[in-house]
K.L.:
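Take a look at the following structure, please.
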There are 2 protein chains.
Amino acid sequence: MDTSIQRNPVYQQLNDRLRSALAAEYQSGDRFLTEREISEKFQVSRATANKALASLVSEGLLEFRRGIGTFVRRDLIDYDLRSLVSFTEKAKAAGKKPSSTLREFRELEAEKIDDEIREALELNPDDRVWELERLRLADGLPVILEHRYLVHSFCPKLTRTQAAGSLYQALTGPHGIEIAGADEVIRAVLLSRGEASLLEVSSRSPAFEVTAVGYTRDARPLWWERTLYRGDQYEFHSRLGPVRSATPARGQLRQH
Amino acid sequence: MDTSIQRNPVYQQLNDRLRSALAAEYQSGDRFLTEREISEKFQVSRATANKALASLVSEGLLEFRRGIGTFVRRDLIDYDLRSLVSFTEKAKAAGKKPSSTLREFRELEAEKIDDEIREALELNPDDRVWELERLRLADGLPVILEHRYLVHSFCPKLTRTQAAGSLYQALTGPHGIEIAGADEVIRAVLLSRGEASLLEVSSRSPAFEVTAVGYTRDARPLWWERTLYRGDQYEFHSRLGPVRSATPARGQLRQH
DNA sequence: ATGGTACAGTGGCTAAGCCACCTCGTCAAA
DNA sequence: TTTGACGAGGTGGCTTAGCCACTGTACCAT
């Protein structure tokens, strides 16, 4: 039943090398190893080297350029990852000026948070977490209300300034964390009066509620979040069908 | 900038053959052509044949079994496609008994429908469309309200019975249409009084509004739909990150 | 009936090599 | 000095020929 699992050890090693180097070693656009280099270094044939590369190309990690070489495509991945955590990029992409208000920033014991969340984060009651609440604005208009718990051990030195800015940058930069992805559940909900007031819409307005758990590259939970997106400002796009392209659903600021 | 576009003509032909045969020729689990057959038939090397097959495997269309052969995986694709059009499968998957009420079923001129929709369907004013409105129930509970326009020329002989049942089956079966996918936009909205009453929720309840255009394999628009999902019954899941797996976002009936 | 064995067919992979394509330096002409 | 033609060397694309590991089957001895 294995469809595309590459047992090819060359693929495995190159894959690890690329994915573990999210924060360093390879920049987007860098030349990658050539087929001939790989075949020599790993003592495999060029065909096998090509096959390993082809898999990585189809996963979007590399790009073939005939007659030139194979190149790293960190930009796309970066974009995907950034958009997981960072509202900033999405807003810019929609041509809006992003800003942020840090409404809550404190450290607390895991025993004080919801059991369900603590379990999702695989924490013991005496572990610690960061609690953040941020209101995010596009062109001064509040559009996202975000509540997030971060596993403290991953980023013990998180500062208020970092928390108010790009969390993605703070995590992947100084703390050297490699974010792998997130599991999301998207629901349609009504905003409570408090939420509505913060988002400056009338009470009981529709909104997207995204509950997500983010993971590091070695599959350890890194954060839990519940984020509310103003329904009148956000829409999700997806392209379904047998063509498994590189465009999963993603929230976008409306551009009307 | 082409990441994984296969210029390989063998890949192209095999791909066409597999995708166009969604309704016939290949059953799930069937043996596909062997590398040696392909290399002979297309006058290419076995390595090239393997590369073409490997691409199709990574797309989920085929499955390699070492020492045995290559096999067709129609089931997965079918499932994806069915879930595009067919509420029935999703409901069954959630362990609910699906049923349906056909509230509207008529033929009308394209000039009478919204300009935006007519353009999305690439129709002239004197073309014809089917208009359908269906209320879909899970275990007797109304959960989806669906409004759909179908391009008449694709399925001129659509019957009321077919429209009330599985549209996917009616389109891909008798009419031999090959559905390729759909572009969707998902919004969070409030239900109008009429919609809420049909879905048996209180007025101004939250809901997902999915607006989608479905396409045939040759990229011609086949339908336009606006579908409302009860917010208290549906949630969307997605797994984001650099691992481009085969799990795009898809609405699911909650199973609480 | 059972179990071992040889065989033929499969995809996985290697090896050596030609081709089309691209970059970049060189060198001649303007 | 600038421009353009040319070619060397490197790249991925693909071929050819062949061995290997794995699988199912048919056969045969027990």
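Below, chains carry the letters A, B, ... as their sequence lines are ordered, and counting in each starts from 1.
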K.L.:
Output the rounded distance in Å from CG (A:Leu33) to C1' (D:dT11).
P.N.:
14 Å
K.L.:
Counting only side-chain heavy atoms from C-beta out, which of D:dT11, C:dG12, D:dG13 sits nearest to B:Glu35?
P.N.:
C:dG12
K.L.:
Please report, rounded to the nearest Å, how far the C1' atom of C:dG11 is from the CG atom of B:Leu56.
P.N.:
15 Å
K.L.:
Are the aromatic rings of B:Tyr229 and B:Phe208 close, with centres under 6.0 Å apart?
P.N.:
no
K.L.:
Once you round it to whole Å, what is the distance between P of D:dT16 and CG of B:Asn50?
P.N.:
16 Å
K.L.:
Hey, which sits more toward the 5' end of DNA chain C by its nearest nucleotide, A:Gln43 or B:Glu37?
P.N.:
B:Glu37
K.L.:
Atom CZ of A:Phe71 to atom C1' of D:dG12: distance rounded to whole Å?
P.N.:
11 Å
K.L.:
Which of the following nucleotides, D:dT23, D:dT16, C:dG12, is nearest to the side chain of B:Arg46?
P.N.:
C:dG12
K.L.:
With respect to the side chain of B:Arg36, which nucleotide from C:dG17, D:dT11, C:dT10 is positioned closest?
P.N.:
C:dT10
K.L.:
Let me see the working for B:Arg226 and B:Glu209 under salt bridge (Lys or Arg N to Asp or Glu O under 4.0 Å), right down to the final yes or no.
P.N.:
CA-CA 7 Å; B:Arg226 174 177 178 269; B:Glu209 178 201 74; 2.8 Å; yes
K.L.:
Ignoring backbone atoms, establish whether B:Thr70 has a side-chain N or O less than 4.0 Å from OP1 or OP2 of C:dG11.
P.N.:
yes
K.L.:
Going by the rule side-chain hydrogen bond (donor to acceptor under 3.5 Å, both in side chains), which residues pair with B:Thr227 if we only count those two or more places apart in sequence or in a different chain?
P.N.:
B:Glu225
K.L.:
In whole Å, I'd like the distance from the NZ atom of B:Lys51 to the C1' atom of C:dC13.
P.N.:
15 Å
K.L.:
Which is more 5' along DNA chain D, the nucleotide nearest B:Ile68 or the one nearest A:Ala47? Just name the residue.
P.N.:
A:Ala47
K.L.:
Without decimals, in angstroms, what is the distance between B:Glu40 CD and C:dG9 P?
P.N.:
13 Å
K.L.:
Starting the side chain at C-beta, find the nucleotide from D:dT16, C:dG12, D:dG12 nearest to B:Ser45.
P.N.:
D:dT16
K.L.:
Rounded to whole angstroms, how far apart are CD1 on B:Ile38 and P on C:dG11?
P.N.:
8 Å
K.L.:
Counting only heavy atoms not in B:Glu40, do more than 12 sit closer than 6.0 Å to its CD atom?
P.N.:
no
K.L.:
Report the distance from atom CG of A:Leu62 to atom P of D:dG12, rounded to the nearest whole Å.
P.N.:
11 Å
K.L.:
State, yes or no, whether a side-chain contact exists between A:Leu150 and A:Leu171 at a heavy-atom distance under 4.5 Å.
P.N.:
yes
